[in-house]
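Remarks on the structure that follows.
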Amino acid sequence: MSFTQERETNLHTGPHGTICDGCEKRCKLGHHWFTGWFLSGSNRLTTYCCPTIDCQEIKQYKGPNGEIVDACRIYDGCSPLQRDRMLKQINELAHEIVKYCDHYKTR
């Protein structure tokens, strides 16, 4: 029997799965709001959200093949339900990004 979760060693713990378990540092996963023109290319300020790992904003990261991937998501005043969905996606993205950290250990 290969698959087991008895020890819960690879579960992201904390409230809403906000703690990375990839190394002993146990970085906090979160999100950051900011405004800017840098992705939209338009003349109006746009609100963005990006994941944070250990309070460091992750606007871009290197993917599995070394390609640069945008981690920002546009938030343009959508409904609270849409905002909650976006924050859930940002949290899930943070969980994916931590796997590319130099310190993340595969077990």
Side-chain angles (χ1 to χ4, degrees):
M1 183 173 190
S2 297
F3 181 79
T4 179
Q5 292 184 310
E6 292 171 8
R7 293 190 220 160
E8 300 181 354
T9 53
N10 284 320
L11 298 182
H12 297 284
T13 57
H16 308 292
T18 57
I19 304 294
C20 175
D21 61 351
C23 74
E24 63 282 344
K25 187 163 185 193
R26 305 201 32 92
C27 293
K28 183 175 191 240
L29 307 178
H31 62 276
H32 172 72
W33 296 98
F34 61 100
T35 56
W37 289 283
F38 87 103
L39 287 178
S40 67
S42 72
N43 289 334
R44 72 179 183 98
L45 280 174
T46 305
T47 303
Y48 298 92
C49 188
C50 69
T52 60
I53 300 172
D54 197 29
C55 298
Q56 178 182 351
E57 300 168 16
I58 308 296
K59 294 181 179 175
Q60 295 180 325
Y61 65 99
K62 289 184 182 178
N65 298 317
E67 74 278 8
I68 302 296
V69 180
D70 254 336
C72 298
R73 300 295 181 261
I74 295 175
Y75 174 76
D76 55 3
C78 46
S79 73
L81 180 61
Q82 290 169 321
R83 181 181 182 274
D84 290 346
R85 284 184 190 153
M86 185 186 71
L87 289 177
K88 184 178 180 202
Q89 290 173 348
I90 289 289
N91 188 31
E92 290 170 357
L93 182 57
H95 285 266
E96 289 301 312
I97 294 171
V98 295
K99 294 176 184 172
Y100 301 119
C101 176
D102 292 336
H103 305 287
Y104 192 88
K105 299 174 187 172
T106 56
R107 301 177 208 270

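Residue numbers run from 1 in the order of the sequence given.
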Checklist line | Residue list, side-chain contact (heavy atoms from CB on, under 4.5 Å) with Glu57, at least two apart or on another chain | finding: His32, Cys50, Thr52, Lys59
Checklist line | Val98 side chain near Leu29 side chain, heavy-atom distance below 4.5 Å | finding: yes
Notebook entry, point to check: How far does CD of Gln60 sit from CD1 of Ile58, to the nearest 0.5 angstrom?
Noted result: 10.5 Å
Item checked: His31 NE2 to Asn91 CG distance, which is reported to the nearest 0.5 Å -> 9.5 Å
Notebook entry, point to check: Can you list the residues that meet the side-chain hydrogen bond (donor to acceptor under 3.5 Å, both in side chains) rule with Gln89, with sequence neighbours excluded?
Noted result: none
Check: Within a strict 4.5 Å, meaning less than it, do heavy atoms of the Tyr100 and Val69 side chains meet?
Finding: no
Notebook entry, point to check: In chain order, what residues pass the side-chain hydrogen bond (donor to acceptor under 3.5 Å, both in side chains) check against Glu92, with sequence neighbours excluded?
Noted result: none
Margin query: As an exercise, state the distance from CZ of Phe34 to SG of Cys72, rounded to the nearest 0.5 Å.
Written below: 3.5 Å
Item checked: Partner set under side-chain hydrogen bond (donor to acceptor under 3.5 Å, both in side chains) for Glu24, not counting sequence neighbours -> Lys105
Next item on the list: Kindly give the heavy-atom pair with the smallest separation between Asp54 and Cys27, and that separation in Å.
Entry: CB-SG, 3.6 Å
Notebook entry, point to check: Roughly how far, to the nearest 0.5 Å, is the CG atom of Leu93 from the CG atom of Asp70?
Noted result: 10.5 Å
Next item on the list: Might you point out which heavy atoms bring Gly22 and Cys20 nearest each other, and give the distance in Å?
Entry: N-SG, 3.2 Å
Checklist line | Close side-chain approach of Cys49 to Met86, heavy-atom, < 4.5 Å | finding: yes
Margin query: Checking the side chain of Gln56 only, and the main-chain atoms of Ile53 only, is there a donor and an acceptor separated by less than 3.5 Å?
Written below: no
Margin query: Any non-hydrogen side-chain atom of Pro51 less than 4.5 Å from a side-chain atom of Tyr61?
Written below: no
Item checked: Contacts of type side-chain contact (heavy atoms from CB on, under 4.5 Å), residue Arg83, not counting sequence neighbours -> Trp33, Tyr75, Leu87
Next item on the list: Sequence neighbours left out, what passes salt bridge (charged side-chain N to carboxylate O under 4.0 Å, His left out) with Glu67? Give chain and number order.
Entry: none
Note to self: According to ring-ring contact (aromatic ring centres under 6.0 Å, His included), who are the partners of His103, at least two apart in sequence or on a separate chain?
What the structure shows: none
Next item on the list: List the atom of Lys28, the atom of Ile19, and the distance in Å for their closest heavy-atom pair.
Entry: CA-CD1, 4.2 Å
